[in-house]
Amino acid sequence: MHVKHRHFGIWRLLAMGLIVFGLLLLVRGTPASAHSDTVTYNYLAGSGLICPAGCPDVASAPNGDTITIAGSGTLSIHPNSVTGNGTFIHKDASGTVLGEGTWTAQQLLSFVSCGTSPAFPPNFEGGKALVRIHLSPSTGGAGFDAVLRITCLIGSPPASAKEGIRLDVQDVINFNKEVSGETLFIRTSS
């Protein structure tokens, strides 16, 4: 979530607080060991408690095509692992739907945390994750492998970072510009 130039009403902060409290109740039954290097996050990309303000996430390719992504999952560091799924819609520059379907997370390639912000609950973190996913078109077929980049601007992200997603469908098309959307990493254990 991008903090700069955003006006949060008290109702939105209260709602987010209640949702976070509920999430904490769900995960409190599995306390983390103080000696563990494992860190686990829930991630949201154009879905969940960040909606409807920034849903879904949209990225564009140099030819004007866009990809719309919505989904969520979990990721863990040490050892790296990921789960998750969602939906996608690929449109050409004129808005014609070229493909749609679902995506499934397959491998966490990397995650870098950007930390937290006093404007949000302490377990909301910014960062950048690279996740290998598989796109399964609703029309069937083998589908496509891709790398999904999820960037959340909470904390201290690099100045050049932009909120949202990018998607590189290997050897097919690279949606390499964030257009709109919101993302979030929620630390559930450390």
Side-chain angles (χ1 to χ4, degrees), residues 1-4 6 8 12-13 15-51 53-57 59 69-88 102-135 145-168 178 181-190:
M1 295 179 139
H2 185 64
V3 176
K4 296 177 186 175
R6 199 164 291 270
F8 287 93
R12 181 175 271 171
L13 287 176
M16 288 177 69
L18 290 173
I19 291 169
V20 169
F21 179 72
L23 287 172
L24 289 174
L25 287 176
L26 289 174
V27 298
R28 97 171 194 215
T30 55
S33 166
H35 302 290
S36 172
D37 290 332
T38 300
V39 181
T40 304
Y41 296 88
N42 288 329
Y43 65 88
L44 303 172
S47 68
L49 66 97
I50 56 178
C51 294
C55 294
D57 284 356
I69 294 278
S72 63
T74 62
L75 62 89
S76 293
I77 303 163
H78 304 295
N80 285 358
S81 66
V82 68
T83 66
N85 57 59
T87 59
F88 74 91
T102 60
W103 62 267
T104 305
Q106 295 184 319
Q107 179 185 11
L108 176 63
L109 301 173
S110 67
F111 176 75
V112 176
S113 173
C114 293
T116 62
S117 169
F120 295 99
N123 62 332
F124 282 21
E125 288 190 27
K128 179 174 79 172
L130 293 178
V131 179
R132 185 174 314 283
I133 67 171
H134 185 76
L135 302 168
D145 290 327
V147 175
L148 176 64
R149 178 172 128 174
I150 305 166
T151 305
C152 177
L153 297 184
I154 291 176
S156 300
S160 62
K162 296 198 185 328
E163 180 85 11
I165 59 102
R166 291 183 181 189
L167 186 71
D168 183 3
E178 299 88 346
E182 300 286 342
T183 61
L184 179 62
F185 297 101
I186 304 169
R187 183 187 288 243
T188 58
S189 72
S190 57

Which word best sums up how the rings of Phe185 and Phe111 line up, parallel for under 30°, tilted for 30 to 60°, or perpendicular for over 60°? perpendicular
Polar side-chain atom of Thr38 near backbone of His78 as donor-acceptor pair, under 3.5 Å: yes
Can you tell me how far apart OG (Ser189) and CG (Asn123) are? Round to the nearest 0.5 Å. 11.0 Å
Could you walk me through whether Leu49 and Phe124 pass the side chain to side chain contact (heavy atoms under 4.5 Å, CB included) check? CA-CA 12 Å; Leu49 66 97; Phe124 282 21; 4.1 Å; yes
Hey, what do you get for OG (Ser47) to CG (Asn85), rounding to the nearest 0.5 Å? 9.5 Å
Under 3.5 Å, is there a donor-acceptor pair linking the side chains of Thr40 and Thr188? no
Minimum heavy-atom separation for Ser72 to Leu44, with atom names? CB-CD2, 3.7 Å
Specify the closest pair of heavy atoms between Cys152 and Glu125, including all atoms of both residues, with the distance to one decimal. SG-O, 3.8 Å
Got a second to check how far Arg132's CZ is from Leu109's CG, nearest 0.5 Å? 5.0 Å
Please step through side chain to side chain contact (heavy atoms under 4.5 Å, CB included) for the pair Leu135 and Ile133, ending with a clear verdict. CA-CA 7 Å; Leu135 302 168; Ile133 67 171; 3.9 Å; yes
Not counting sequence neighbours, list each pair that qualifies as a salt bridge (Lys or Arg N to Asp or Glu O under 4.0 Å) and has a residue in residues 105-122. none
If you take all heavy atoms of Gly181 and Asp57, which pair is closest and at what distance? CA-OD1, 2.9 Å
Rounded to the nearest 0.5 Å, what's the gap from CZ on Arg166 to CD1 on Ile69? Could you check? 14.5 Å
Side chain to side chain contact (heavy atoms under 4.5 Å, CB included) evaluation trace for Leu184 with Asn42: CA-CA 8 Å; Leu184 179 62; Asn42 288 329; over 6 Å; no
Rounded distance [0.5 Å steps], CG in Leu108 versus OH in Tyr43: 9.0 Å
Minimum-distance pair of heavy atoms, taken over all atoms of Lys128 and Thr151: CG-OG1, 3.8 Å
Check the pair Thr116, Arg187 against side chain to side chain contact (heavy atoms under 4.5 Å, CB included), reporting the backbone distance first and the verdict last. CA-CA 10 Å; Thr116 62; Arg187 183 187 288 243; over 6 Å; no
Would you name the heavy atoms of Thr183 and Glu163 that are closest together and state the gap between them? N-OE2, 2.8 Å
Looking at every heavy atom in both Val82 and Gln106, which two are closest together, and how far apart are they? CG1-C, 3.9 Å
Side chains of Cys114 and Pro158, heavy atoms from C-beta outward: is any pair under 4.5 Å? yes
Qualifying salt bridge (Lys or Arg N to Asp or Glu O under 4.0 Å) pairs, either residue in residues 42-51, two or more places apart: none
